[in-house]
Amino acid sequence: MQPVTPLVEAVETAMVDALRRALPEAGRTEPLVRRSDRADFQANGALALAKQHGRNPRELGAAVAAAIEAPGLISSAEVSGPGFINLDLTSEAIWAQVAARTDSDLLGLGLPLAGKRIIVDYSGPNVAKEMHVGHLRTTIIGDALARLAEALGATMIRQNHLGDWGTQFGMLIQYLNEHPEAEWHHADDADPTANVAALDRLYKQARNVFDADPDFADRARARVVALQSGDEDTRKVWRDLVEVSAEAFDAMYERLGVSLTAADLAGESTYNHLLDNVVEELVAAGIAVESEGALCVFFDDITGPDGNPVPLLLRKADGGYGYAATDLAAIRYRIRDLKADQILYVVDARQALHFKQVFATARRAGWLTDEVEAVHVPFGTVLGPDGKPFKTRSGGTVRLMSLLDEAIAKASEVIGEKNSDADPADLAALAAATGIGAVKYADLSNNRIKDYAFDTDRMVSLTGDTGVYLQYAHTRLASILRMAGKTNGTVDTAAPMSREERALALHLDAYGTNLAESMTEREPHRLCGYLYMLARTFTRFYEANPVLKAETDEIRKNRLGLVRLTRDTLAHGLNLLGIAAPERM
RNA sequence: GCGCCAGUAGCUCAGCUGGAUAGAGCACCGGACUUCUAAUCCGACGGUCGCAGGUUCGAAUCCUGCCUGGCGCGCCA
């Protein structure tokens, strides 16, 4: 089915024509059509054009306004201020738009990214470690971007770059071998993350022994070698660790409502067999050079405090590969084998320099070409409610699960007050939906790049710009549709249109444009802002314009059409953010 | 030292890539529930857009310099 052309594009087309008629000598013109608070739209293009051609901007604006030929679309065009053209649309055109989107598949959005293969690398927790607050943003933002790209038609390849390799596993495996009494497979059968929690504790014990006992340290190092050289007994334990950890991650993603599955796992170990070849290729090309016993890539414009170039370290002096080698193997694989058009790395802003080096190296090697877009999608740090780095009272790392538990508990408290007679099971489900939704919305609605304070009290607040507000708006929409029962769903384009109906319909029509912007900027907070505005615009409509009790049948039908489209748009948007859209609250 | 990022209302944040009087939420004050869910809405209050120059019809937005804060810069990932 054909996508529905947004009104703003139809207006732009009309304005380009008008500009051309008013000023034929102007070549390509930008009409600069925007929403306006004094009309449906405003066109600012005449202003710049007048300047270029030495014309009086107000006069040219008037000429352009007079040259508009779009009778079914534009009902009035007036010059204002220095040369803005204020445009009002016919209510017929706006109603027709509502009708077209309602009748269309996918809200008339179409699939602008169809045919694109996009990789999103996100989450990346560590095997044998609990997920903590540091994994929150990459997981939530990455998932939202993946859902967004998918909705726009892209072929999505999610890559969960698990931390499943490294010297620490030698230490842990050796410790486990020496302490068979340290049972961790059934730490708590009711809690799928308990095994990993147990492993996390055992790892810390192993670390202590490693630091205190040189003999154990030697045995641990030997175990690293055994693991790397493929010793079967050692690999068996390692695989066990990976598998149990993956189960815990699955449980976490399930709880969080994140779309990652076992099929998306592509940990560091995935690239082990490629490392020799990748590094050889870089050496052969003269890109990687030896320095102080290590194998490095240098860059002219990247220097350290001493003024010397800072290398990207591929292979350490002890012969072991660093994570840079893994990242290079991964990017080569993603381009050559996965055929990615776009690779998004949703990783902490502090790794900006690292990615700059990796991308530059891949470009020099000829792997990363102009046809492929590799982008670091950075985000700021999660701070505690006090605005300082987020730590537990004892200064430890905050577990992700306890964070979610806290949010859900607070949501449950707040919701319980409003629904004292509700079924406890329903209440628990609703608390999970709103608590998780609150956490995700709080994260996604802030500009990605800035640090933000994790303040549970504020995020589960029932008032204001929160996930709950959007969910509540959705339940009201759903409630109206429930009570309306079956309707024949036709919208009468000749019907009158109230101010609130107009505002809502125009905003609905801009959804696809917003999705496209959110994607090109990789900024989910734009979508959040849109949805919040949608919910507000709807609520204003709802307060002023009775739907089920509308004055006439015709008005009722049109308003129901608006309600249906609003519900579908809001639900669609919430889904892209990974936030539940409940039917009742 | 070099580099990256940020600085907007008392607090938390938007500001659609240069447009008209800079917008929301929270807090505070005043209104609106026999009416489709008041978890809401309406109104009032509140800002030298870090500072100083520059670019132009027009700057929170672009350029330069400075101030403040955060982060990064060889064998951790």
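Note on naming: letters A, B, ... go to the chains in the order of the sequence lines (proteins, then strands), and numbering restarts at 1 for each one.
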salt_bridge(A:Asp465, A:Arg536) N-O dist < 4.0 Å: no
Spell out yes or no: do the side chain of A:Arg38 and the base of B:rU21 have one donor N/O and one acceptor N/O closer than 3.5 Å? yes
Return the pairing partner of B:rA38 with a 3.5 Å limit on both distances, Watson-Crick or G-U wobble; otherwise return none. none
Do the side-chain N or O atoms of A:Arg34 get closer than 4.0 angstrom to the phosphate oxygens (OP1, OP2) of B:rU17? yes
Strictly by modelled atom types, are A:Asn514 and A:Ser518 linked by a side-chain donor-acceptor pair under 3.5 Å? yes
Using the side-chain heavy atoms of A:Tyr532, tell me which of these nucleotides is nearest: B:rA20, B:rG74, B:rG25. B:rG25
Side chain of A:Asn86, base of B:rA20: donor and acceptor closer than 3.5 Å? yes
Taking the nucleotide of RNA chain B with the nearest heavy atom to each, does A:Lys450 or A:Gly307 sit closer to the 5' end? A:Gly307
Base paired to B:rU17 (Watson-Crick or G-U; both N/O distances under 3.5 angstrom): none
With a cut-off of less than 4.0 Å, is there a side-chain N or O of A:Lys549 near OP1 or OP2 of B:rU35? no
No-H, no-angle donor-acceptor pair, A:Thr475 side chain to B:rA39 base, under 3.5 Å: no
Syn or anti: how is B:rU17 classified when any glycosidic angle within 90° of 0 counts as syn? syn
Whole angstrom is fine here: how far is it from NE2 in A:His507 over to P in B:rA24? 14 Å
Is it the case that the side chains of A:Tyr321 and A:Asp276 hold a donor-acceptor pair, with the cut-off being a distance below 3.5 Å and no angle test? yes
Base orientation of B:rC73, chi within 90° of 0 counted as syn, else anti, reads anti
When you get a sec, tell me which of B:rC16, B:rC36, B:rG19 is the closest nucleotide to the side chain of A:Leu47? B:rG19
Sorted by position of nearest nucleotide on RNA chain B, 5' first, the leading residue of A:Asp348 and A:Tyr452 is A:Tyr452
Report which part of the nucleic acid A:Ala352 touches: base, sugar-phosphate, or nothing (heavy-atom distance under 4.0 Å, all strands). nothing
Please tell me if A:Thr466 has a side-chain N or O lying less than 4.0 Å from either OP1 or OP2 of B:rG25. no
Do the non-hydrogen side-chain atoms of A:Thr361 and A:Leu314 ever get within less than 4.5 Å of each other? no
Rounded to the nearest Å, what distance is computed from the CZ atom of residue A:Arg448 to the P atom of nucleotide B:rA6? 11 Å
Indicate, with a heavy-atom threshold strictly under 4.0 Å, whether A:Asn56 touches base, sugar-phosphate, or nothing. nothing
Euclidean distance, atom CG of residue A:Asn447 to atom P of B:rC16 [Å, nearest integer]: 11 Å
Measuring centre to centre across the rings, with the benzene-like ring taken for any Trp, is A:Phe359 within less than 6.0 Å of A:Tyr345? yes
Ignoring hydrogens and geometry beyond distance, is a side-chain donor-acceptor pair present between A:Asp443 and A:Tyr452 at under 3.5 Å? yes
Could you tell me whether A:Gln471 contacts a base, only the sugar-phosphate backbone, or nothing, with contacts defined as non-hydrogen atoms closer than 4.0 Å? nothing
Proximal nucleotide (of B:rC75, B:rU37, B:rC41) relative to the A:Leu313 side chain: B:rC75
Please tell me which of the listed nucleotides, B:rG19, B:rA38, B:rU17, lies nearest to the side chain of A:Tyr472? B:rA38
Considering every strand and a 4.0 Å limit on heavy-atom distances, what is the contact class for A:Gly304: base, sugar-phosphate, or nothing? base
Side chain of A:Arg540 only, heavy atoms from C-beta on: which candidate in B:rC42, B:rC26, B:rU37 is closest? B:rC42
To the nearest angstrom, how far is A:Asp465 atom CG from B:rA14 atom P? 10 Å
Output field: ring centroids A:Phe538/A:His507 closer than 6.0 Å: no
Output the rounded distance in Å from CD1 (A:Ile480) to C1' (B:rU35). 13 Å
Return yes if the base of B:rA24 and the side-chain atoms of A:Arg536 contain a donor-acceptor N/O pair under 3.5 Å, otherwise no. no
Can you figure out which of B:rC36, B:rG25, B:rA20 approaches the side chain of A:Gln42 most closely? B:rA20
Taking only the side-chain heavy atoms of A:Pro311 (C-beta and beyond), determine which of B:rG19, B:rG74, B:rC36 contains the nearest atom. B:rG74
So what does A:Ser291 hit on the nucleic acid, given a heavy-atom distance under 4.0 Å: a base, only sugar-phosphate, or nothing? base
For A:Phe541 and B:rC36, give me the distance from atom CZ to atom C1', rounded to whole Å. 10 Å
Checking all strands, does A:Asn545 fall into the base, sugar-phosphate, or nothing category for heavy-atom contacts under 4.0 angstrom? base
Candidates B:rU37, B:rG19, B:rG1 - which lies nearest the side chain of A:Phe84: B:rG19
Which of the following nucleotides, B:rU37, B:rC2, B:rC13, is nearest to the side chain of A:Thr303? B:rC2
Scan A:Met483 against the nucleic acid and name what it touches under 4.0 Å (heavy atoms): base, sugar-phosphate only, or nothing. sugar-phosphate
Out of B:rC36, B:rU40, B:rG74, minimum distance to the side chain of A:Arg476 belongs to B:rU40
Output yes when at least one side-chain N/O atom of A:His376 is less than 4.0 Å from OP1 or OP2 of B:rC4, else no. no
Looking at A:Phe41, I'd like to know if the NZ or CZ of A:Arg35 sits under 6.0 Å from its six-membered ring centre while staying within 45 degrees of the ring's axis. yes
